[in-house]
Each structure stands twice: as C-alpha cells, then as structure tokens.
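Notes to accompany the following structure.
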Amino acid sequence: MLFSKGDYLQAVEQKVASEMISKVLYPSDSVERGRELRLIQEYFLVACALEDIFKTYLSTHDDFDAFPSKVAIQLNDTHPTLAVAELMRRLMDDHDLSWTQAWEITQATLAYTNHTLLPEALEKWSLPLFEHVLPRHLSLIYDINHRFLQTVTTTWPGDLERMRRLSIIEEGEPKHVRMAHLAIVGSHSVNGVSRLHSELVKTSLVPDFYALWPERFNNKTNGITQRRWLLQANPALAGLITETLGEAWITHLEALRELESQAQDAAFQQAFMEVKQTNKARLAQRIEQTTGVRASPDSLFDIQVKRIHEYKRQSLNLLHIIHTYLRLIEDRTPPPVPRTFIFAGKAAPEYWAAKQLIHMIHSVAEVINNDVRAADWMKVVFIPDYRVSLAEIIIPAADLSEQISTAGKEASGTGNMKFALNGALTIGTYDGANIEICEEVGEDNIFIFGLRAETIETMRRQGTYHPQAYCKREPELARVMAALRSARFCPKTPDLFSWFYNALMEHGDYYFHLADLASYIPAQLHAAEVYTQPALWAQKAILNVARGGKFSSDRTVREYACDIWKIQPVLKGRQ
Ligand SMILES: *Cc1c(COP(=O)(O)O)cnc(C)c1O
C-alpha cells in the first residue's frame with residue numbers, strides 16, 4: 001500500500017521496525033532488562049500463540065464452554081503473562097463474553113511456572129511504557145486488579161499493608177505492573193521447579209498469595225531428556241547400558257536402577273571407566289583445538305559449565321583454584337591428584353560482573369598454565385561459546401560436576417542432572433534439585449558442602465554474617481584473600497580483582513563465598529582422595545547413573561499432564 005503511494009522511505013522504515021520484533025533475541029539471563037522492544041516481542045508471541053489456539057479451537061467448536069477442557073496454556077516464567085490480558089481481551093472484545101464468563105475460562109486455562117526467586121529477575125513494566133504499547137491490556141489489568149483487591153479486602157478487612165503487597169500494580173514513581181502477580185491471579189496452578197524452590201515460592205517469594213490460595217501452589221521438579229543427554233550425547237555409555245540392560249531406559253529411565261547390581265563388578269567398572277576415558281580424550285582434543293591448552297585425560301576433569309552469574313559462583317570455584325595453587329607453590333603440598341579445571345558459559349552483554357568473572361578466570365588461567373611448577377598438577381581452561389552442541393561434548397567427559405550456587409538461589413538446575421546421568425560425581429551445595437539428586441544417589445555418592453538456605457536466610461535477616469571473621473579463623477582463607485588483593489593473578493591488569501575483593505571483605509559478601517569456602521576446600525580434598533581409589537570412584541559414578549531415573553523430563557511432563565493439564569496419554573496401538 002505504501003509502495004503504491006510512492007512513499008518508499010516510510011515503507012522501508014515500517015519494514016525495518018516490524019522486522020526488529022523477531023530479529024533480536026534478548027540474551028539476559030536472570031537479570032531483567034525492561035525495554036520497549038522486549039515488551040512488544042512478548043506481546044507479539046502471546047498474540048500469535050493465542051491466534052493459533054483460537055483458530056484451531058473454533059474450527060470444531062462454536063462456543064467457549066469446552067475451551068478450558070480442550071486448551072491448556074502453561075506460562076513458562078512471566079514472559080508470556082500478557083496472555084492473561086490478551087485472552088480476556090479476545091473473549092470479551094472479539095467474542096462478546098461477559099467478564100464473569102471470560103474470567104472463569106481464563107483462570108481455568110492458564111497455569112504459571114515460576115523459575116526464579118531473584119528479585120532482580122522478576123519482570124516489572126513501568127506504567128507509562130505499558131500504557132504506550134498496550135493501552136487496552138492495561139485497562140483490563142486495572143479491572144482484574146480491582147476485582148482481585150476486593151477478594152483481598154474480604155479476606156483481610158482493613159489490611160492496607162497486605163493490599164499494597166499483593167496488588168498487581170506496584171506503587172512508586174512511576175508505578176509498575178508486577179507480571180508475577182498477574183500470572184498468579186490469572187492462573188489455577190502455580191508451581192516451582194524443585195522441592196526447595198517450590199517451598200521458597202510459598203514461604204518467601206509470595207507468602208500472601210499462598211495464605212490466600214494455598215491449594216493453587218504445587219511442585220514440578222525439572223527433568224532432562226535421556227534421548228539427548230545420554231543416547232545422543234554419550235553413545236558409548238548408552239551402548240554399554242543397552243548391552244547390559246536392554247533398551248528400556250530410553251523410554252523408561254527408571255530402568256537404569258538395574259545397574260546398581262553392576263556397581264561393584266570389576267569388569268563393568270572397567271568398561272564404564274574406559275568409556276569415560278574415551279570421552280575425556282575427545283574433550284581434551286577439543287580443548288587443545290580451541291584454546292591451545294594441553295589437558296591430560298589422566299587428570300581429574302573438574303567442570304563448571306552454565307551461564308555466568310554471581311549466584312552460580314564461578315567465583316567460588318576460582319577461589320578454590322587459587323587456594324590449590326598457593327598450597328602447591330607456597331606450602332609445596334601438591335593435591336592428591338592432578339586436575340583440569342574446566343569452565344564454559346556466556347555472560348549477558350550488559351552484565352558487568354559476569355564479564356569481569358570471565359576476565360578473572362582467564363587471568364588466573366594464564367598465570368597457572370604458564371608456571372612450570374604447576375604443570376604436572378593443574379591446568380585451568382575456559383572453553384568459548386558455550387551452547388547445547390558443546391555441552392553434549394563436555395558433559396560426558398566430566399569426572400566432577402560443580403553445582404555450587406549460594407543455597408536458596410538456584411531454582412532447580414538441569415546441568416546438575418545431565419552430569420549425574422553421564423557418571424560425574426557432584427560437588428554441590430544443598431540447593432535446588434541438588435537436594436533431590438542427593439536423596440536419590442545417597443549422600444555417600446555426592447560431595448555436599450556449605451550453609452543451608454535457611455541458615456543463610458537467618459544470617460542475612462539478623463545481620464550475623466561476618467566474612468572477615470572466617471578469614472581471622474582460617475589462615476588458608478586469609479591467604480587466598482591476600483592473593484586477590486595483590487596483582488599476583490592479574491599482572492597485566494592489576495585492578496582486575498579489586499571489585500571482587502571489596503565485595504567479599506568490605507561489602508558483606510552477599511553470596512557467602514567465605515562462609516562456604518571454609519567447607520568447599522575440605523569437600524574438594526575429599527573428592528580428590530576418593531578419585532585416587534579408582535574402584536571406589538567407579539562404584540559411586542555408576543550409582544549416580546543407576547539412580548538418576550527420577551530426573552527424566554518424561555516424569556516431569558507426565559506430572560504436568562496429570563496434575564495441571566488433566567490430560568491422559570494417548571496409548572500406542574489404541575484408538
Ligand atoms: C543444561 C544447560 C544449561 C543449564 O545449566 P545449569 O547448570 O542448570 O544452569 C545452560 N546452558 C546449556 C547450553 C545447557 O545445555
């Protein structure tokens with residue numbers, strides 16, 4: 001149309017603007033980046049999904065009575081929460097349903113999965129921006145909030161403070177729309193993604209909503225697919241398992257439990273560890289190609305691969321690396337076994353601290369990898385461009401899986417499950433799904449360390465955490481801190497570690513590095529000692545595979561289908 005009027009420039013501008021909507025994938029991870037384009041993208045995806053759903057539904061129905069029994073919409077985090085308002089808009093404005101009819105259908109159709117407790121990751125849109133992009137949706141949200149606050153008043157008459165806490169609209173200059181609140185109000189189910197996380201959603205994230213609607217809250221512990229993370233990524237181990245047990249595990253992961261009887265069998269242990277050795281040799285090759293570092297497949301492969309984030313504590317891993325190096329050089333005490341410390345992971349482009357962490361890992365790696373005194377004992381590598389295809393090569397080669405988030409911060413983790421299923425032992429905090437992995441594999445077959453979520457919460461609330469006190473008590477921690485303060489691990493960029501040293505020693509160490517380093521060091525030493533006993537290590541690694549059945553996404557999907565969507569599986573061979 002614009003072309004025919006000859007307004008070429010305007011046509012190009014409109015084309016560029018519309019293509020922007022689907023061009024840039026927002027890379028932020030656990031840090032919310034509120035930008036107009038992002039809101040437009042979220043609306044675009046929600047509107048298209050609902051258009052598709054309506055088209056399909058209305059091809060076989062002429063009213064909406066059966067809509068909630070034929071359609072289930074799972075809000076995967078708050079990103080598609082505009083669906084609450086969009087579904088209301090379509091039912092009322094396009095199909096003339098009353099508010100009551102539309103609201104009943106909306107609530108019965110939608111369910112919400114929460115993925116994070118981090119306050120900085122909770123989606124909020126400023127009212128002026130929201131009104132500019134989606135004025136009709138904002139007016140519907142005001143109506144939803146008005147009716148919701150009436151129920152709150154009925155339950156807690158005169159409790160204005162509670163109204164303020166529960167409202168979908170956050171007071172302030174400017175006001176904001178709280179997308180998690182909209183998702184909870186508009187859904188019939190709210191779930192977290194591990195047992196601990198689902199408890200924290202109820203007791204710490206939204207306790208007022210839990211008090212109002214306890215029956216709405218439930219847990220669905222995450223899972224991973226064994227077809228990708230074992231059958232495809234680790235064909236040698238998949239082959240060994242199938243040779244031993246048959247193929248049942250491919251569709252029924254619980255069948256792996258039969259491997260328990262092989263855990264102490266010397267021949268099976270040998271075959272199992274040969275597979276691991278082959279996978280390690282393949283990864284060592286890839287590491288040399290991409291980084292030039294020569295890693296010995298005979299060393300312990302200690303691996304932390306995941307998005308770079310302060311709460312995931314690649315920094316704690318780095319403190320242990322520095323400790324190991326200082327112990328070797330200053331105390332002339334080598335570790336029980338040579339280790340290759342392997343990192344990979346991406347940082348969101350605007351996340352300054354995450355980018356600094358990558359720089360710090362490279363800087364420590366350069367010092368250690370170029371010190372001949374450390375050559376037989378340690379190597380540190382950062383593999384660039386972490387992604388699923390690279391994870392499929394890295395994870396099958398792991399001896400030790402680093403899952404060391406500050407307790408209470410990692411909603412579930414799924415990397416932890418991929419590693420265990422590939423026969424790595426976990427060193428980890430009592431956080432997210434690590435707790436359930438520990439429960440399944442048994443505490444003798446995992447290295448758990450660190451403060452519990454409840455303890456950390458209490459210490460935060462009471463202000464009783466004093467990182468310097470840990471340094472005074474433990475000379476080994478003081479030595480690591482002194483090294484951070486010097487330019488020893490960053491001769492080319494002397495101030496590289498200052499911000500991190502200050503965060504730990506001057507600004508309260510929000511992520512509890514010093515408290516947990518005190519138990520992380522002995523846990524790492526214990527892991528290394530077990531690794532020097534090959535039969536014992538093999539037994540524990542085999543038990544991690546054998547007892548990983550719970551963590552299949554088949555189980556997770558079945559639970560969503562049964563408890564939330566109320567749908568039955570279509571049985572093969574039956575009509
Ligand atoms: C599994 C996976 C993740 C998630 O890892 P966590 O350790 O659970 O944070 C991230 N990135 C890639 C490429 C993955 O395969």
Side-chain angles (χ1 to χ4, degrees), residues 25-31 76-77 113-118 121 192-197 220-234 253 279 283 286 290 301-317 341-349 351 354 357-358 361 382-398 400-422 424-438 446-448 450 511 544 548 550-553 556:
L25 177 66
Y26 270 74
S28 65
D29 177 76
S30 303
V31 191
N76 189 15
D77 214 327
T113 303
N114 174 277
H115 286 277
T116 180
L117 304 165
L118 303 180
V193 291
S194 74
R195 194 202 303 138
L196 173 69
H197 169 63
K220 297 286 167 279
T221 297
N222 276 164
I224 54 159
T225 170
Q226 66 268 33
R227 268 83 63 189
R228 177 184 292 275
W229 295 108
L230 186 48
L231 185 61
Q232 175 176 298
N234 197 344
L253 197 62
N279 292 335
L283 177 58
R286 170 65 79 100
T290 52
F301 276 19
D302 173 338
I303 305 188
Q304 186 172 22
V305 289
K306 49 182 74 253
R307 293 297 294 256
I308 311 292
H309 202 292
E310 289 164 282
Y311 85 80
K312 290 175 181 284
R313 293 197 300 192
Q314 281 88 1
S315 48
L316 182 66
N317 190 340
F341 299 89
I342 298 165
F343 293 88
K346 286 176 180 168
Y351 189 179
L357 283 167
I358 296 175
I361 294 167
F382 190 104
I383 311 174
D385 202 12
Y386 185 54
R387 58 201 188 281
V388 167
S389 56
L390 191 55
E392 289 179 5
I393 295 166
I394 294 174
I395 292 169
L400 195 58
S401 157
E402 297 277 351
Q403 307 300 335
I404 59 178
S405 52
T406 308
K409 293 287 182 193
E410 188 71 271
S412 162
T414 54
N416 48 4
M417 302 168 188
K418 300 169 196 170
F419 279 102
L421 190 61
N422 281 278
L425 301 204
T426 301
I427 183 162
T429 48
Y430 218 61
D431 198 16
N434 295 353
I435 296 170
E436 290 160 73
I437 292 174
C438 177
I446 188 167
F447 305 103
I448 296 289
Y511 293 101
N544 269 263
K550 173 173 172 182
F551 303 104
S552 172
S553 50
T556 312

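Atoms within each ligand, like the ligands themselves, are counted from 1 in listed order.
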| What is the ring orientation for His309 with Tyr351, classed by angle as parallel under 30°, tilted 30 to 60°, or perpendicular over 60°? | perpendicular

| Between the side chain of Asn434 and the main-chain N/O of Thr429, is any donor-acceptor distance below 3.5 Å? | yes

| task | Could you establish whether Trp229 and ligand 1 come within less than 4.0 Å of each other, counting only heavy atoms on the residue side? | result | yes

| request: Just need the protein heavy atom nearest to atom 4 (C) of ligand 1, so name the residue and atom and give the distance. | output: Thr414 OG1, 3.7 Å

| field | Shortest non-hydrogen separation from Ala344 to Ile394 and the atoms involved | value | CB-CD1, 4.3 Å

| note | For Gly413, the ligand 1 atoms with a heavy-atom partner under 4.0 Å come out as 8 (O)

| task | May I ask you to identify the nearest protein heavy atom to atom 5 (O) of ligand 1, giving residue, atom name and distance to one decimal place in Å? | result | Gly415 N, 3.8 Å

| query | Going by atom types only, do Gln304 and Lys312 share a side-chain donor-acceptor pair under 3.5 Å? | reply | no

| task | For the pair Gln314 (side chain) and Arg307 (backbone), establish whether a donor and an acceptor sit closer than 3.5 Å, ignoring hydrogens and angles. | result | yes

| said: Donor-acceptor check, side chain of Asn222 to backbone of Thr414, threshold 3.5 angstrom: yes or no? | reply: no

| task | Could you verify whether a donor N or O on one side chain and an acceptor N or O on the other, from Glu436 and Thr221, lie under 3.5 Å apart? | result | yes

| field | Residue, atom name and distance, where the atom is the protein heavy atom closest to atom 9 (O) of ligand 1 | value | Lys312 NZ, 2.7 Å

| query | In the protein, what heavy atom is nearest to atom 11 (N) of ligand 1, and what distance, to one decimal place, separates them? | reply | Tyr386 CE2, 3.6 Å

| query | What residue and heavy atom of the protein are closest to atom 3 (C) of ligand 1, and at what distance? | reply | Lys418 NZ, 3.7 Å

| task | Quick one: look up the protein heavy atom nearest atom 7 (O) of ligand 1 and list residue, atom name and how far away it is. | result | Lys306 NZ, 2.7 Å

| query | Should Val388 be counted as touching ligand 1, given the test is an N or O pair under 3.5 Å? | reply | no

